[in-house]
Amino acid sequence: MDNAMSVALRRGWGADVALARSWGARRRQATAMRFTAGVIAALVVVATGGVARSAAAAMGELKVSVIVRTFSGAGPQAERAVTELGGTVGMRLGIIDGFSASVPKSALPTLQTTPGVVSVTPNAHLRPETSNYDPSGDVNSMDSTTKYTGAQDYWRAGYTGQGVDVAIIDSGISPVDGLSAPGKVIYGPDLSLESQALNLTNLDTYGHGTFMAGLISGRDNEAQAPYQNDPPSQYRGMAPDARLVSIKVATAGGGTDVSQIIAAIDWVVQHAHDPGLNIRVLNLSYGTNSTQSYTLDPLAYAAEVAWRSGIVVVASAGNTGYQRGAGAPGLADPAYDPFIMGVGASDSMGTSAQWDDNVSSFSASSAGCQWFTCKKPDFVAPGAHLQGLRDPNSYVDVNHPEGLLGDRYFRGSGTSQAAAIASGAVALVLQKYPSLTPDQVKQFIASWSAKLAGFDADAQGAGELRLTPTLTKQPPNYVAKFTPAAGTGLLELARGTDHISRDGVVLQGERDIFGQPFGSGAMALLEAAGSSWSGGDWNGSSWSGSSWSGSSWSGSSWSGGSWSGSSWRGSSWSGSSWSGSSWSGSSWSGASWSGSSWSGSSWSGSSWSGSSWSGNSWSSFSWS
């Protein structure tokens, strides 16, 4: 059985779909694979297998177990349709706007065409991957992936990402094997809601960021250059010598607000060339379903500022799949910005040949999109069933052992993964051609991508990533001619349907994570001037320290206001308490922690008691 850990956050992070609690079954078809895509918002795992049939009969007819994914807000209507068709509704899967159900087999075509239903896919019994996982026999291992993308040809020519720093705005990076070598990871500020828990410092409680980091530039300590000669058992990401800069924004449930992402992008821009740093790539496996043009959107604007500062911003296209008709979502924000490198996902279809590769069915497209989101993916990159580094006892690891590949690895799918592969590829290109602008890098890679037969440009853009031709070709002298973003739109519209909440109070409107008023016009001026951060202050609140200490950004204090109706007691973190729920030693006494703690790089307790922070789950999807 082929399992896939998928991560989502789009409407949050780029991820795949779900089955029984967020896991989905996959059927191999001649044309494409169907996923219940957990579009960008919480690390969701997808598995593959046949339909799990039960012996229960309705009116003498066999029922099948399925996962139903809906458009935001259409869940109740879809649940009524299931009942009217003689089925029963099971577990609600809010993380993907879906639910499990048992439905008469003959009713499936009707359910699939019900208004508001995105997909109906088989639910299946899952089992963990074998404990003696052998990457040499896996066409989706990183050894195989780096070969057929051409990364190993770059290594052979002497380009491994050395000297290029890749910033990752995500859920953090845990120092697991493959990411634990001294100097491999530089820790920037922790802008997440876990920043005040000292026992979580520099740890990824969710598991998404660690997975992305491994794909980009993971490298086992035993691996030795020339890396292409190392055995498949040695884990090597796309750019094994690139350095990673981690800016943590998400909690163990994947929760983060657009204001945190913008603050993180601004921090990267202002510190990209601090002494000892050379941030040339920004991986953003995140997006929202913004409801405004990129020319107005504050998140797209922040990404454009980074782009114009010489940083190649790589963003996941989103996991909403190929959809036509009114209201089709198009690419996620900020991937929908024409300047930004928006990356969709391709699938090897289980072979090492490239002629049969497909665009993954969950990969977002421009088909039928609205006027302000009608951008095609720039290209697609491997994003299905990839071998990533496991983050022991993170949220995904604890809740989805089905995705395990032996003791060290995890299977994952999504446009998040595709963006990470592309970020590693960009690091290789920039080591060889360090003077290229972001416009030139995107055009260069897209120009030599290979068209996949049977898929239109709406789905694949320029085609599938191929690095090998770029080794011997001359980069173009190219300047993009798009209308620049102004960033004067609304923060609330940039969130789309993605909101975090505290004690039932939703953070919404023109307020940042502290409840401070957010003036997009004034912020845009500060960002353009490279002064939105002043030491550790951003938008009037103190987020973190302002000096380097070893390999980390020192200080982690939070102060500021609260969003209306919520109770940030004293409008700040105070000692070990936040809003009346205390960090007592290593436990959170609210609804999310379950008396467990992180010790070193692993979760030493049992598990999280839920999939949310402070008892309120992250709504819709956001991590790809």
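Keep in mind the model is a prediction, meaning the values are calculated, not measured.
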Regarding [X] and [Y], do their side chains bring together a donor and an acceptor under 3.5 Å, going by distance alone?
X      : Y      : result
Tyr133 : Asp138 : yes
Asp143 : Tyr235 : no
Gln260 : Ser192 : no
Asp337 : Trp307 : no

Can you give me the closest heavy-atom contact between [X] and [Y], atom names plus distance?
X      : Y      : answer
Gly237 : Met142 : CA-CE, 4.0 Å
Ala381 : Ala418 : O-CB, 3.4 Å
Ile279 : His273 : O-CE1, 4.2 Å

For the [atom1] atom of [X] and the [atom2] atom of [Y], what is their distance to the nearest 0.5 Å?
X      : Y      : atom1 : atom2 : answer
Lys432 : Tyr159 : NZ    : OH    : 3.5 Å
Asn229 : Gln224 : CG    : CD    : 11.5 Å
Gln460 : Leu452 : CD    : CG    : 4.5 Å
Asn477 : Gln443 : CG    : CD    : 11.0 Å

If you take the centroid of each ring, where Trp contributes its six-membered ring, are Phe444 and Tyr433 closer together than 6.0 Å? yes
Indicate yes or no for a side-chain donor-acceptor contact from [X] to the backbone of [Y] under 3.5 Å, with no hydrogens or angles considered.
X      : Y      : result
Asp204 : Gly209 : yes
Asp378 : Gly342 : yes
Ser309 : Val305 : yes
Thr470 : Leu467 : yes
Thr205 : Ala252 : yes

Run through Ser285, Ser246, Ser416 and flag the one making a side chain to side chain contact (heavy atoms under 4.5 Å, CB included) with Asp170. Ser285
Using the side chain to side chain contact (heavy atoms under 4.5 Å, CB included) definition, which of the options Leu331, Val313, Val314, Leu284 pairs with Ile340? Val313
